[in-house]
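Report on the structure given below.
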Amino acid sequence: MKKKKLLLTCLCAAMLAGCGSHGEGANAAPAVVDENTEKSGAASNPEQAPEGNAAADPEKEESAEKAETESAEMESAEANDAAAENTFVFGDRATMNNTVGERELPIYCVETEEKKIALSFDAAWGNEDTEELLSILEEHDLHVTFFMTGGWVESYPEDVKAILEAGHDLGNHSENHKNMSELSDEEKREEILSVHRKVKEITGYDMFLFRPPYGDYDNALIEVLKDCEYYAIQWDVDSLDWKNEGVDAILETVLEHKNLGNGSIILCHNGGEFTAESLDTLIVRLEEQGYEIVPVSELIYPDHYHMNVQGRQIADE
């Protein structure tokens with residue numbers, strides 16, 4: 001379908017240590033018209049035709065109307081084709097491979113030779129700094145990804161619209177911010193689709209990116225997400241902005257993170273006390289290091305990929 005679009009066990013944390021970082025809060029995550037119109041002769045407007053001219057020919061009028069209609073239809077078709085070309089396409093699940101050993105893994109980061117990284121913001125509580133975040137991103141002409149809970153969508157529908165209108169990804173962060181691994185498959189599905197329906201109703205947008213609360217997932221969640229035509233997205237660089245330790249702490253944590261590199265996905269929060277204050281400098285310094293900041297949808301491979309033990313998404317050869 002076209003889209004305009006970590007609490008692991010100790011054993012899994014060890015397995016994924018090469019690509020991921022710390023989870024949200026105290027939970028750990030794997031380290032990983034033409035101007036030359038003729039002005040002589042008959043006037044272009046029939047109502048201004050010179051006296052003595054014959055009445056308009058019905059057949060010619062019908063022919064002209066038909067030509068106009070065909071031209072409009074052609075322009076519409078071309079516009080639709082162009083839009084389709086730029087629409088993110090969800091891959092056939094048969095071309096995806098999230099399995100490593102006996103585990104189904106979400107995407108922590110991406111294997112790429114391009115110096116691209118994705119910046120993401122989880123939105124679960126409050127919107128005090130959302131407008132400021134959007135303003136800073138606009139100043140830098142950047143697009144990122146916002147993962148939103150159902151409650152946040154309900155509370156701030158105008159913000160949801162503003163985020164989308166600004167060109168950012170709308171991502172799903174579950175309805176109630178629960179530990180997904182503790183839910184049944186049907187409960188998982190409802191946590192995902194409930195937010196999806198709300199955003200669809202508000203914006204007409206179909207989301208396709210899901211970030212599990214606390215980074216908590218299990219094999220079943222990855223399979224349910226595929227059934228719902230979603231990608232499971234984690235992170236390999238946690239800004240730790242949720243600790244509210246200040247601007248310098250956020251900058252140091254991200255810029256000196258051992259996992260920061262091509263294909264990294266950075267986790268931030270729109271509710272962090274110092275997140276907005278640090279964002280401008282963070283963007284500047286990341287770009288000084290040569291990184292291009294993109295939304296998650298532009299970083300990941302939509303299909304024909306596999307994962308390694310670090311949760312790194314790798315394109316099939």
Side-chain angles (χ1 to χ4, degrees), residues 1-5 76 79-93 96 106-107 118-127 129-138 141-177 180 188-213 221-222 224-235 265-271 293-303:
M1 177 186 293
K2 295 182 177 180
K3 312 289 179 185
K4 255 189 132 166
K5 265 135 329 291
S76 177
N80 288 337
D81 288 345
E85 232 176 84
N86 295 318
T87 301
F88 188 83
V89 179
F90 186 94
D92 185 331
R93 66 178 294 159
M96 303 175 185
I107 300 169
L119 189 56
S120 62
F121 296 84
D122 287 0
W125 302 277
N127 74 328
D129 59 354
T130 306
E131 185 176 352
E132 184 177 359
L133 291 173
L134 292 177
S135 177
I136 294 169
L137 292 168
E138 182 179 12
D141 192 23
L142 293 179
H143 296 122
V144 301
T145 305
F146 285 81
F147 290 93
M148 308 165 295
T149 63
W152 199 88
V153 171
E154 275 193 18
S155 297
Y156 312 110
E158 294 307 313
D159 283 0
V160 177
K161 294 176 186 178
I163 291 169
L164 181 60
E165 289 170 358
H168 305 291
D169 286 345
L170 298 184
N172 193 324
H173 198 37
S174 84
E175 178 62 32
N176 298 297
H177 209 268
M180 300 298 288
K188 288 179 171 69
R189 188 181 304 275
E190 186 56 28
E191 281 287 314
I192 298 162
L193 296 182
S194 177
V195 188
H196 189 102
R197 289 190 292 264
K198 290 178 180 180
V199 170
K200 177 72 172 180
E201 183 177 353
I202 294 171
T203 67
Y205 180 87
D206 285 303
M207 296 188 293
F208 51 88
L209 302 171
F210 181 85
R211 171 170 285 160
L221 176 62
I222 310 303
V224 170
L225 285 168
K226 286 184 181 181
D227 288 341
C228 294
E229 298 193 336
Y230 267 83
Y231 297 89
I233 306 296
Q234 300 280 50
W235 63 88
I265 299 176
I266 302 172
L267 168 66
C268 296
H269 298 78
N270 84 318
I293 301 171
V294 300
V296 172
S297 64
E298 290 185 21
L299 182 68
I300 66 174
Y301 301 113
D303 48 25

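What's counted below: heavy atoms across the whole structure, side chains too, no hydrogens, waters or symmetry copies. What you see is a predicted model; the values in this text were computed from it and never measured.
Residues L142 and L119 fail the side-chain proximity criterion, which asks for heavy atoms closer than 4.5 Å. Between E154 and K198 there is a side-chain heavy-atom pair separated by less than 4.5 Å. The shortest side-chain heavy-atom distance between D206 and E229 does not fall under the 4.5 Å cut-off. A heavy-atom distance below 4.5 Å is found between the side chains of Q234 and P212. Here the side chains of I202 and L164 are not in contact, with every heavy-atom distance at 4.5 Å or above. No side-chain heavy atom of K188 sits less than 4.5 Å from a side-chain heavy atom of L225. Inter-residue side-chain proximity for T130 and Y156 is flagged as unmet; no heavy-atom pair is nearer than 4.5 Å.
Without hydrogens or angle criteria, S120 side chain to I266 main chain gives a donor-acceptor distance under 3.5 Å. Counting only distance, with no hydrogens or angles, the side chain of H177 and the backbone of G150 share no donor-acceptor pair below 3.5 Å. With hydrogens and angles ignored, the 3.5 Å screen pairs a side-chain donor or acceptor of D169 with a backbone N or O of S297.
Annotation for L299 and A118: closest pair CD2-CB, 3.7 Å, computed over non-hydrogen atoms. L137 and H168 get closest at one heavy-atom pair: CD1-CE1, 3.7 Å. In plain terms, the two heavy atoms of I233 and I265 that are nearest each other are CG2-CD1, 4.0 Å. The minimum heavy-atom distance between M148 and V153, with the atom names listed, is CB-CG2, 3.9 Å. Taking both residues in full, the closest heavy atoms of N172 and F147 are given as O-CD2, 3.6 Å, listed atom of the first, atom of the second, then distance. Across all their heavy atoms, G91 and D303 have their closest contact at CA-CB, 3.7 Å.
Classification of the F90-Y231 ring pair by plane angle, with boundaries at 30° and 60°, yields tilted.
A distance of 11.5 Å separates CG of D141 from CD1 of I293, quoted to the nearest 0.5 Å. In this structure, SG in C228 is found 4.0 Å from CG in L193, a value given to the nearest 0.5 Å. Separation of atoms CE (M96) and CD1 (I107) is listed at 8.5 Å; rounding is to 0.5 Å. One finds the CE atom of M207 at 10.5 Å from the CZ atom of R197 (value rounded to the nearest 0.5 Å). Between the OG1 atom of T145 and the CD1 atom of I163 there is a distance of 10.5 Å, given to the nearest 0.5 Å. One distance of note links CD1 of I192 with OH of Y230; it measures 7.5 Å at 0.5 Å rounding.
Two rings, from H173 and W152, have their centers 6.0 Å or more apart.
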- Could you go step by step and tell me if W125 and H269 meet the side chain to side chain contact (heavy atoms under 4.5 Å, CB included) rule? CA-CA 9 Å; W125 302 277; H269 298 78; 5.7 Å; no
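A 6.0 Å sphere centred on CD of E298 holds more than 12 heavy atoms belonging to other residues, nucleotides or ligands.
Partner L221 forms a side-chain contact (heavy atoms from CB on, under 4.5 Å) with one of M180, K226, E191 and no other, that one being M180.
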